[in-house]
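Down below is the structure, laid out as structure tokens.
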Amino acid sequence: MRTIDVARGLWQGRAQARTNDMNLFFDIRVAVIAALDEMVSQGVLPAGLDYANVAVEPPRDPLHGDMATNAAMVLAKPAKAKPRDIAEGLAEKLAGDGRIVSADVAGPGFINLRLDPGVWAEVTRDVLKSGADYGRSALGQGVRVNVEFVSANPTGPMHVGHTRGAVFGDALASLLDFAGYDVTREYYINDGGAQVDVLARSAYERYREACGLEPAIREGLYPGDYLIPVGAAIKAKYGRELLEKPEEDWLAELREFATEQMMDMIRGDLASLGVKMDVFSSEKALYGTGRIEAALQRLEDLGLIYEGVLDPPKGKLPEDWEEREQTLFRSTQFGDDVDRPVKKSDGGWTYFAPDIAYHWTKIERGFDLLIDVFGADHGGYVKRMKAAVSALSEGKVTLDIKLVQLVKLFKNGEPFKMSKRAGTFVTLRDVVEQAGADVTRFHMLTRKNDAPLDFDFAKVLEQSKDNPVFYVQYAHARVCSVLRKAQEAGWDMSDARLAQAELPAPWHPAELELVKKIAEYPRLIEIAARASEPHRVAFYLFDLASDLHALWNRGNDVPELRFLQEGDEAASSAKIALARACAVVISSGLAILGVTPAEEMR
RNA sequence: GCACCCAUAGCUCAGCUGGAUAGAGCGCUGCCCUCCGAAGGCAGAGGCCUCAGGUUCGAAUCCUGAUGGGUGCGCCA
């Protein structure tokens, strides 16, 4: 698992930083560390121990207790003591904590903790009081992070591949935001290269078509229908005046015009998915400002630019390979495989050069952490980009690059090849219109970003239990349904009222399982944020929904477990408080994923 | 040839930054609707965590190598 290096340092340094909300695992860990400190001051343990690896987590087997800590095993070696000995002493101290009913040493030195049932009531009340803020963390407090994602070329509509990057980047940004980071969502528009010339020429042909002439969509131009309205728009703006003019008279203007149109379309695509960028940065805007020259000058001042000749790649040689001296960035000094050219043979910049300048602007804007979300096909670009950021920031800013694996399309179980020419090009709009934004987003987050994703239209469109998003939304809808029924009975089921309900004691095992899962949420958020892995939220929600469904179903056999206790407002309030707490967490998690918490399934 | 990513149940995949008896969904077997929504639940079968070494109290997790797959490899972005 990868982590954000910067965040790791901050995590350890800020271990005490947190919000006022309850984070049960965090709180108990504080108690464990306090107990350890006490043992140090009593001379039982040596001073100066590093507690960083001391964890308080759910035990693998619920029979072991409510929580477990590995403190004794982690500290055994540095403290030069036997794990069991440390564990015995630590367990004794922990048993004195009011929230802890028992602390038992088990296995190689685990300490299993059993918590007072009152703790679970406290968690439930806390969720109801904090509402959407429950689980919010101070993990990233004071860290400004820039998440650059999508950055699709402004030459056409977004396709399914972009969709995954968009969903992942957006969910990651939301997750980091929830974990306390100061997040900026950013899109880099590649509007400076040759591909926008191609776009302009393609649009020109559609313009001719709009004027009643036969378009000449030559090989190498973009044939897509999406340029037809662009051609019409050009005609509306310029009339027929461009028809007789040579390319050099209209190229620059149409480049800008068409790019604008494409970006409008892309913004629309993103909006249909529920993605909203904070900043759009233009590559072209860097040209002529001296930014690119300045960035490269800076690298040159650092002795990282030189004129040189690269060795040809090993293995099969490109057909047009010839030895050539070029302007190179010494990226090998930062772990890259070869130095990278920044100028083309025609004197223009390579794609890399403005990208260096662009990343420099991010550094200068004061971000502490940069995250780029790339498609896996850009994996070869990772090392040089990291090298550039490391060089320009003199190692002060970390660039973390998350690669998103490509999406494998299926239709009715058959692999489905996308091809612009064959017209089997599946756009983001196609997907969203057919499957809906919620389903698309959730499905794309049910896989780790670096694992390939199968996207089968038949399965994704199917509104069944095979579709995890329905399972999770269904759990939320069920709670809403119960609330509606309770309110029909004339009972006050506001969160404020529920937070004061007398909660069940003792708890039924099915209820306990649910409330324990709810208690894990803040910890899950921090784990997911530290790993930059929003898919963990999706998996957590599935588990949480599963616990709710399980409890619900128990109500079929055990009437006392039903959320609605006919004619008994007090008893119902207690049950519904728990259900509502679950719904609050589902809603919170779905918000991070950008999925609507359905109030009813229709 | 080199770099990056991946390899866990029949299939698709999780596995909480090294912990206890490795989990879920689908599929398979068997149960559960005069009962707050069965779009669901419960139980069961199913594993050499690709292979071989290494690190240590302890490895699916970290390191090295092998094998198999994906992606990329100067003047495209």
Side-chain angles (χ1 to χ4, degrees), chain A residues 1-3 8 53 55 57-61 64 68 70 73-74 76-77 82-83 106-110 112 151 153 155 190 192-195 283 309-316 318 320-324 326 328 336-341 343-348 350-352 355 375-383 403 405-406 446-448 450-452 454 459 463-468 470-471 473-474 477-478 481-482 485-486 520 523-524 526-528 530-531 533 535-536 538-540 542-543 546 549-557 559 562-566 572 575 579 600-601:
Chain A
M1 183 183 63
R2 280 188 303 282
T3 55
R8 181 202 308 196
N53 291 325
E57 48 196 11
R60 192 174 290 295
D61 186 337
H64 292 148
N70 62 357
M73 289 180 294
V74 170
K77 187 183 265 185
K82 287 181 188 162
F110 280 101
N112 291 324
S151 296
N153 286 342
T155 56
N190 294 128
Q195 78 280 0
E283 174 191 357
V309 177
L310 288 178
D311 292 334
K314 298 282 194 291
K316 52 181 183 288
D320 58 346
W321 174 267
E322 54 180 273
E323 231 178 49
R324 175 176 288 127
Q326 43 193 347
L328 298 166
D336 201 356
D337 312 299
V338 289
D339 292 333
R340 304 294 178 174
K343 268 187 187 172
K344 298 193 281 192
S345 56
D346 65 6
T350 60
Y351 168 77
F352 189 33
D355 218 353
D377 54 341
H378 287 56
Y381 208 68
V382 170
K383 285 186 178 176
L403 293 181
Q405 280 291 334
L406 305 179
T446 53
R447 212 103 301 175
K448 222 169 13 186
D450 56 8
D454 290 348
K459 279 188 190 163
Q463 304 203 349
S464 76
K465 59 187 173 180
D466 294 2
N467 223 333
F470 284 96
Y471 187 81
Q473 288 188 316
Y474 181 35
R478 275 185 148 172
S481 164
V482 168
K485 288 226 159 65
E520 275 180 50
R523 183 170 172 274
L524 178 277
E526 293 187 344
I527 288 166
R530 278 157 64 197
E533 293 183 344
H535 75 276
R536 290 176 189 265
F539 280 91
Y540 168 83
F542 187 83
D543 286 347
S546 174
H549 288 308
L551 174 55
W552 183 289
N553 204 250
R554 284 306 198 87
N556 290 339
D557 303 326
R562 294 178 193 169
F563 295 122
L564 277 178
Q565 298 292 317
E566 194 89 20
S572 297
K575 306 289 183 184
E600 52 185 356
M601 308 297 281

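Keep in mind that what you see is a predicted model, and the values were worked out from it rather than measured. Letters A, B, ... mirror the listed sequences (proteins, then strands); counts begin at 1.
- Here B/G37 presents its C1' atom at 15 Å from CD of A/Q473, a figure rounded to the nearest Å.
- B/G37 atom C1' lies 12 Å from atom CG of A/L564, rounded to whole Å.
- When distances are taken from the side chain of A/P58 to each of B/A20, B/C16, B/C4, the shortest belongs to B/C16.
- Across B/G37, B/A20, B/G41, the shortest atom-to-atom separation from the side chain of A/P59 is found for B/A20.
- In the set B/C36, B/C42, B/C16, B/C42 carries the atom at the smallest distance from any side-chain atom of A/A550.
- Atom CG of A/N70 is separated from atom C1' of B/U17 by 12 Å (rounded to the nearest Å).
- The shortest non-hydrogen separation linking A/P559 to A/Q565 is O-NE2, 3.1 Å.
- Using atom C1' as the reference point in both B/C11 and B/G46, the two lie 13 Å apart (nearest Å).
- In a base pair of the Watson-Crick type (N1 to N3 plus N6-O4 or O6-N4) or a G-U wobble (N1-O2 and O6-N3), with each distance short of 3.5 Å, B/G37 is matched with no nucleotide.
- Separating the C1' atom of B/U56 from that of B/C62 is a span of 11 Å, rounded to the nearest Å.
- In this structure, A/P83 and A/P108 approach most closely via the heavy-atom pair CB-O, 3.6 Å.
- With RNA chain B read from its 5' end, the first of the two nearest nucleotides for A/D337 and A/N112 is the one closest to A/D337.
- Distance CZ (A/R530) to P (B/U17): 7 Å, rounded to an integer number of Å.
- Among all heavy-atom pairs drawn from A/N190 and A/Y351, the shortest one is ND2-CE1, 3.2 Å.
- Contact check, A/S481 against B/G37: a side-chain N or O comes under 4.0 Å of OP1 or OP2.
- Contact annotation for A/N556: base contact, defined as any heavy-atom pair under 4.0 Å involving a base atom.
- In this entry B/A60 has no Watson-Crick or G-U wobble partner, no candidate having both defining distances under 3.5 Å.
- With a 3.5 Å ceiling on both atom-pair distances, the Watson-Crick or G-U wobble partner of B/G65 is B/C51.
- Atom P of nucleotide B/G37 and atom CZ of A/F563 are separated by 12 Å, given to the nearest angstrom.
- In this structure, A/D311 reaches neither bases nor backbone, as no heavy-atom distance under 4.0 Å exists between it and the strands shown.
- Nucleotide B/U71 forms a pair with B/A3, judged by Watson-Crick or G-U wobble geometry with both contacts under 3.5 Å.
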Please walk me through it: do A/V482 and A/L564 pass side-chain contact (heavy atoms from CB on, under 4.5 Å)?
CA-CA 7 Å; A/V482 168; A/L564 277 178; 4.0 Å; yes

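- When both pairing distances are held under 3.5 Å, B/G25 makes a Watson-Crick or G-U pair with B/C11.
- Between A/F539 and A/P468 there is no side-chain heavy-atom pair separated by less than 4.5 Å.
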Can you name the atoms? Protein N/O to nucleotides 10-15 of chain B N/O, anything below 3.5 Å, with the distance.
unit_1 : atom_1 : unit_2 : atom_2 : d
B/U12  : O2'    : A/R447 : NH1    : 2.8
B/C13  : O5'    : A/R447 : NH1    : 3.4
B/C13  : O2'    : A/R447 : NH2    : 3.4
B/A14  : OP1    : A/K448 : N      : 3.1
B/G15  : OP1    : A/H535 : NE2    : 3.1
B/G15  : OP2    : A/K448 : NZ     : 3.3

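- Put simply, the side chain of A/R554 and the base of B/C42 share no donor and acceptor less than 3.5 Å apart.
- The partner of B/C42 is B/G30, judged by Watson-Crick or G-U wobble contacts that both fall below 3.5 Å.
- For the C1' atom pair drawn from B/C49 and B/G23, the interatomic distance equals 12 Å after rounding to whole Å.
- Counting all heavy atoms, side chain and backbone alike, A/L403 lies closest to A/G375 at CD2-O, 3.8 Å.
- Checked by atom type, the side-chain pair A/R536/A/Y540 shows no donor-acceptor distance below 3.5 Å.
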After noting the C-alpha distance and the side-chain angles of A/V338 and A/D311, does the key distance pass the side-chain contact (heavy atoms from CB on, under 4.5 Å) rule?
CA-CA 9 Å; A/V338 289; A/D311 292 334; over 6 Å; no

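- In this structure, the OH atom of A/Y471 is 13 Å from the P atom of B/A38, given to the nearest Å.
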Test A/K485 against A/F563 for side-chain contact (heavy atoms from CB on, under 4.5 Å), laying out the working first.
CA-CA 10 Å; A/K485 288 226 159 65; A/F563 295 122; over 6 Å; no

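- One P atom belongs to B/G44, the other to B/C57, and the distance between them is 38 Å to the nearest Å.
- Atom CG in A/D61 sits about 10 Å away from atom P in B/U21, given to the nearest Å.
- Of all heavy-atom pairs spanning A/D337 and A/K383, the tightest one is OD1-NZ, 3.3 Å.
- Of the P atoms belonging to B/G25 and B/G70, the separation is 31 Å, rounded to the nearest Å.
- Taking each heavy atom of A/G555 and A/R562 in turn, the nearest pair found is O-NE, 2.6 Å.
- Here A/A68 lies in heavy-atom contact (under 4.0 Å) with a base.
- Using a 30° and 60° split on the angle between ring planes, A/F352 and A/Y381 fall in the perpendicular class, above 60°.
- For B/A38, one of the phosphate oxygens OP1 or OP2 lies less than 4.0 angstrom from a side-chain nitrogen or oxygen of A/R478.
- Rounded to whole Å, the P atom of B/G37 lies 26 Å from the corresponding atom of B/G27.
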Show the distances under 3.5 angstrom between N or O atoms of the protein and N or O atoms of nucleotides 74-77 of chain B.
unit_1 : atom_1 : unit_2 : atom_2 : d
B/G74  : O6     : A/D320 : O      : 3.1
B/G74  : O6     : A/E322 : N      : 2.8
B/G74  : N1     : A/E322 : O      : 2.5
B/G74  : N2     : A/E322 : O      : 3.1
B/G74  : N2     : A/R324 : N      : 3.3
B/C75  : O2'    : A/S345 : N      : 3.3
B/C75  : O2     : A/R324 : NH1    : 3.1
B/C75  : O2     : A/S345 : OG     : 2.4
B/C75  : N3     : A/R324 : NH1    : 2.7
B/A77  : OP2    : A/Y351 : N      : 3.4
B/A77  : O3'    : A/Q195 : NE2    : 3.3
B/A77  : O2'    : A/N153 : OD1    : 2.7
B/A77  : O2'    : A/N153 : ND2    : 2.9
B/A77  : N3     : A/H378 : NE2    : 3.2

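- Heavy-atom nearest nucleotides on RNA chain B were determined for A/A376 and for A/A106, and the one closer to the 5' end corresponds to A/A106.
- The interatomic distance linking A/K383 (NZ) with B/U71 (C1') rounds to 14 Å, in whole Å.
- With both ends at atom P, the span from B/G54 to B/A43 equals 41 Å, rounded to whole Å.
- Rounded to whole Å, the separation between the C1' atoms of B/U55 and B/U64 comes to 11 Å.
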